[in-house]
Engineer: 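Following this message is one structure expressed as structure tokens.
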Amino acid sequence: MKKPIGTVYELIPPQEMIQFMLKYSFFHKQVTQIPESIIVKKNIDFDLMEKAFNIEIERNDCLRLRFFKEKGRIKQYFLPEYRIGNIPVLNFKSEQERIDTLTADARKPIRMLKGETFRVKFFRTHDNRCGVYVNMHHLVMDNAAVFTFFADLFAIYDSLKEGTAMPKPLGKYEDIIKKELAYVADPENFKREEKAYREFMEKDGEPLYLGVEGPKFLEAERIKRKNPDIKAPSLFDPIHDKAELTKYSIPYDDSQKIFKFMEENGVSGECLVQLGMRLHVSKINNRHNDTYFIVLCPRRRTLAEKRAGGTLAAPLPQRIVLPETTTFKEALEKMAEVQFWAFRHMDYPYLEYRTLQQKMYNYPAAAGASTMMFSWFPLEAGSMNKWEYEFEGYSLGRYIMVLYSFAMKDTHSRCLKLSCMHRTKFVSVEDIDSFHKGTANALKLGVENPDMTLGEIMDRI
């Protein structure tokens with residue numbers, strides 16, 4: 001692409017993290033894409049929805065973000081205006097046809113340096129519902145931004161349909177970029193956060209990798225390198241990066257008990273689901289109680305940031321040692337403390353933290369002790385301008401990380417849904433099935449018996 005005329009910006013740290021992921025995926029550029037759809041029962045006038053989409057491009061500046069390379073570095077700028085026309089409308093004759101067609105698009109790389117930053121399709125399902133599918137490049141949006149995009153798009157559509165005022169304006173991603181670049185320009189910010197992170201990591205010593213596949217990879221690494229003290233295996237393999245997206249729904253009655261527990265006790269879904277996952281992981285790894293996840297934080301504090309597009313999310317380390325004598329309720333309180341610490345220090349760039357960790361523990365370039373990256377998607381009924389909807393994500397087919405797990409309230413089934421993007425060379429579908437069932441059992445026992453100890457729960461899952 002030709003160098004633009006106008007203001008050019010460097011990538012901000014969350015975007016740099018996305019580019020770092022791409023660096024370690026040699027052949028499959030789709031690993032930095034977010035393909036998702038919203039399906040609704042209400043009939044959609046797709047000509048009007050196309051008009052709404054173009055208004056969304058005017059309102060949501062990250063949809064006008066474009067990229068180019070200069071001296072080996074990716075840089076970005078905003079188009080002053082942009083319109084899209086002739087959005088395809090697909091008519092699917094079966095559920096499988098929809099999944100296959102949209103999955104094929106999800107796995108097709110977005111040509112980010114050739115002016116393409118997203119793709120959009122409208123569709124009708126076999127059971128007479130309507131949908132909007134987007135495939136966003138991760139440099140343009142994170143998941144929080146995609147949900148904001150969908151909600152605003154449907155609100156604009158309703159305004160056009162009903163002849164009412166447009167929804168309140170969105171925040172500007174360009175303002176966020178300026179703020180982020182000002183932060184990283186001050187070296188004192190990095191010094192202060194590095195001190196906090198170093199103290200956090202030194203508190204419990206070097207972390208231990210506890211995989212959802214059990215201890216086999218850690219044990220193999222120790223044998224291979226003839227060192228029984230290794231705690232972080234090297235799982236980087238850019239050749240064998242085939243991945244599956246495996247989904248599991250907790251039964252309705254159990255899900256309702258979990259949601260009721262969250263509401264009555266003021267517990268976040270992020271902490272609760274992680275605790276269930278950590279109990280399963282501990283049990284299958286010789287009951288080690290030192291669990292370490294990387295949790296994706298949306299990093300949106302102000303109302304303008306919460307109502308803005310763009311990529312702001314960053315991985316935060318959430319490591320916690322939970323003795324088996326700890327009760328389920330006490331464990332949630334400790335996890336909330338760790339979560340709060342991470343939120344206080346969320347501006348420290350992940351790549352800086354990663355470099356610090358490598359220096360402290362002398363890790364090889366591809367080694368790491370975290371079990372997974374985890375996200376809680378805060379989807380609620382009515383969040384799409386009160387439309388009844390079903391959210392659907394699609395498999396990329398390839399992935400850079402061994403495991404990325406995410407959980408949400410499924411607004412369609414009213415169940416708790418757990419999903420995993422996992423590299424099949426390292427983590428099998430059977431491993432994930434066991435992981436999902438163990439997590440579900442731990443959550444069921446915990447919310448029914450919050451004074452039960454973690455050891456007692458592990459004995460029964």
Engineer: Before accepting this row, confirm whether a basic side-chain N of the pair Glu219/Arg222 lies closer than 4.0 Å to the acidic partner's carboxylate O.
Structural biologist: no

Engineer: With Glu16, which of Leu139, Ile74, Val184, Leu11 fulfils side chain to side chain contact (heavy atoms under 4.5 Å, CB included)?
Structural biologist: Leu11

Engineer: Regarding Gln357 and Tyr353, is there a side-chain donor-to-acceptor distance under 3.5 Å anywhere?
Structural biologist: yes

Engineer: Do the ring planes of Phe377 and Phe406 sit parallel (below 30°), tilted (30 to 60°) or perpendicular (above 60°)?
Structural biologist: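 Geometry flag for Phe406 against Phe377: parallel rings.
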
Engineer: For atom NZ of Lys242, decide whether the heavy atoms of other residues, nucleotides or ligands shown that lie under 6.0 angstrom number more than 12.
Structural biologist: no

Engineer: Parallel, tilted or perpendicular: which describes the rings of Trp341 and Phe200, with under 30° parallel and over 60° perpendicular?
Structural biologist: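 Aromatic pair Trp341/Phe200 classed parallel.
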
Engineer: What is the minimum heavy-atom distance between Cys271 and Met335, and which atoms define it?
Structural biologist: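 For Cys271 and Met335, the tightest heavy-atom pair comes out as O-CE, 3.4 Å.
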
Engineer: So, Lys329 and Glu333, do they make that salt bridge, N to O below 4.0 Å?
Structural biologist: no

Engineer: Could you check whether atom CD of Glu202 has more than 12 heavy atoms from other residues, nucleotides or ligands sitting under 6.0 Å from it?
Structural biologist: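 Enclosed: over 12 neighbouring heavy atoms sit under 6.0 Å from CD of Glu202.
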
Engineer: Quick test of your reading of the model: are Arg119 and Glu116 salt-bridged, counting only N-O distances below 4.0 Å?
Structural biologist: yes

Engineer: Taking atom types as modelled, find out whether Thr291 and Arg319 have a side-chain donor-acceptor pair closer than 3.5 angstrom.
Structural biologist: no

Engineer: Are any of the side-chain nitrogens in Lys179 or Glu305 under 4.0 Å away from the carboxylate oxygens of its partner?
Structural biologist: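 Yes, Lys179 and Glu305 are salt-bridged.
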
Engineer: How are the rings of Phe190 and Tyr183 set to each other: parallel, tilted or perpendicular (split at 30° and 60°)?
Structural biologist: tilted

Engineer: Are the charged groups of Arg300 and Asp142 less than 4.0 angstrom apart, N to O?
Structural biologist: yes

Engineer: May I ask you to check whether over 12 heavy atoms, not counting those of Arg192, lie within 6.0 Å of atom CZ?
Structural biologist: yes

Engineer: Considering only NZ, NE, NH1 and NH2 on the basic side and carboxylate oxygens on the acidic side, decide whether Glu194 and Arg198 come within less than 4.0 Å.
Structural biologist: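 A salt bridge is present here (some side-chain N lies under 4.0 Å from a carboxylate O).
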
Engineer: Is it true that Gln15 and Gln76 share a donor-acceptor pair across their side chains at a distance under 3.5 Å?
Structural biologist: yes

Engineer: Taking atom types as modelled and ignoring hydrogens, do the side chains of Ser37 and Tyr394 form a donor-acceptor contact shorter than 3.5 angstrom?
Structural biologist: yes

Engineer: Rounded to the nearest 0.5 Å, what separation is found between the CG atom of Leu245 and the NE2 atom of His422?
Structural biologist: 7.5 Å

